[in-house]
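First up is the structure itself, then whatever we jot down about it.
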Amino acid sequence: MSIGIFDSGVGGLTVFKEISKEFPLADIYYLGDTARVPYGNKSKETIIRYSLECANYLYNLGIEVLIVACNTASSYALEILNANFDIPVIGVIKPGVELAVKSTRNGKIGVIGTQATVKSGSYRTEIEKKGNFIVYQKACPLFVPLVEEGLIDHKITELTVKEYLEDLVNKDIDTLILGCTHYPLLKNVIQKLYPHLNIIDSSKATAIYLKKKVITLGGTGERKIFITDESSSFEKLKNLVVGADIFLEKLELSKICTL
Ligand code: DGL
């Protein structure tokens, strides 16, 4: 079996890592669109165009299932990707929501993500389909650069987490969805500050969701990570998240810009 995963950059490696654990024999190809990151502050049209281009590149490698690791792309492009490709396309929103609604005890769920994800209301819509839950959302734009800079366990990060999350926590949420690929890397800081919260990591939820959906197993266990531009922070974070033994392959952006 071969699985394609794309994200706007490095954050989706949290999804790559979890899927690699669940499917050790599958061939897994990851595309991080480092030349055009961030997607989180782009328009809907641009996010859709970039997503179609990333998907197309991976599809041409012969993948059998496509995972949209990027929450922003999952929020805007999932429907159009499903309409354009004849393989299953799975985003990170539904798996995260399924886990969150099972975890909450008081029905109050917080969602954090990029500006575009929050604006799309994608998490709110999915959660409200599941029943009578109260949803509070918050965009946390500074989290992405903090992670990119490797400030994962730093006092600046603690202060920023408090600044963004105090409001949500005061609203008595008991469950918090990390609705952005980068945020699982801040999970420990968030949990340390708010130990009572159930923190939902969409990357883990997506790997478990895929396991339930996919019945074919096997493959040669090949792993490839493609990027559309060189990035030293990508390399550092890649080594931190998935280890140094998987090499990066740089693609010419023109190879994926087909639209
Ligand atoms: N991958 C994006 C997401 O999960 C975060 C980074 C970006 O803005 O592109 O929403």
Side-chain angles (χ1 to χ4, degrees), residues 4-19 30-55 58 66-78 81 89-97 100 110-126 137-152 157 160 164 176-187 190 199-207 209 225-229 231 233-234 237-238 241-242 253 256:
I5 303 171
F6 82 86
D7 179 37
S8 54
V10 68
L13 287 175
T14 53
V15 178
F16 176 90
K17 181 179 171 192
E18 295 302 331
I19 291 181
Y30 180 91
L31 172 58
D33 194 3
T34 43
R36 302 186 293 189
V37 69
Y39 285 11
N41 56 10
K42 304 268 184 327
S43 68
K44 179 178 174 181
E45 292 69 31
T46 302
I47 295 164
I48 289 177
R49 180 161 54 87
Y50 290 177
S51 301
L52 283 166
E53 290 175 340
C54 291
L58 290 168
L66 174 67
I67 307 295
V68 183
C70 178
N71 290 256
T72 305
S74 295
S75 296
Y76 289 97
L78 208 56
L81 288 171
V89 181
I90 294 171
V92 286
I93 313 275
K94 260 196 190 159
V97 165
V111 176
I112 54 175
T114 62
Q115 272 150 342
T117 296
V118 166
K119 186 167 159 217
S120 76
S122 55
Y123 274 101
R124 181 190 292 286
T125 308
E126 273 310 314
Q137 303 191 94
K138 178 101 180 172
C140 305
L142 287 174
F143 282 178
V144 169
L146 284 172
V147 170
E148 299 265 340
E149 284 303 315
L151 298 171
I152 290 181
T157 311
T160 315
Y164 283 137
L176 178 71
I177 300 180
L178 305 179
C180 174
T181 45
H182 287 60
Y183 301 177
L185 291 159
L186 301 179
K187 189 173 171 182
I190 299 173
I199 298 182
I200 307 297
D201 172 346
S202 302
S203 52
K204 203 170 237 146
T206 304
Y209 184 90
I225 300 178
F226 303 102
I227 48 176
T228 50
D229 200 6
S231 148
S233 66
F234 187 103
L237 278 167
K238 190 268 299 173
V241 178
V242 297
L253 191 58
I256 76 161

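Keep in mind it's a predicted model, so treat the numbers as computed, not measured. One-based numbering, in listed order, for ligands and for the atoms of each. Side chains included, hydrogens not; waters and symmetry mates left out as well; all remaining heavy atoms used.
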In sequence, state the C-alpha distance, the side-chain angles, and the governing distance for S203 and T206, and then conclude on side chain to side chain donor-acceptor pair (under 3.5 Å).
-> CA-CA 5 Å; S203 52; T206 304; over 6 Å; no
Counting only pairs under 3.5 Å, give me each side-chain donor-acceptor contact of residues 137-148, with atom names and distances, residues two or more places apart or in other chains.
unit_1	atom_1	unit_2	atom_2	d
E148	OE1	S233	OG	3.4
E148	OE2	H182	NE2	2.7

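For ligand 1, the protein residues placed under 4.0 Å by at least one non-hydrogen atom are D7, S8, V37, P38, Y39, G40, C70, N71, T72, T114, C180, T181, H182.
Using a cutoff of 4.0 Å between basic side-chain nitrogens and carboxylate oxygens, K204 and D201 are not scored as salt-bridged.
Every residue two or more places apart in sequence or in another chain that forms a side chain to side chain contact (heavy atoms under 4.5 Å, CB included) with K17 is listed here: K21, V241, V242. For S8, the side chain to side chain contact (heavy atoms under 4.5 Å, CB included) partners at least two apart in sequence or on another chain are V37, Y39, C70.
Within the 3.5 Å criterion, the main-chain N or O of Y183 finds no donor-acceptor partner in the side chain of K187.
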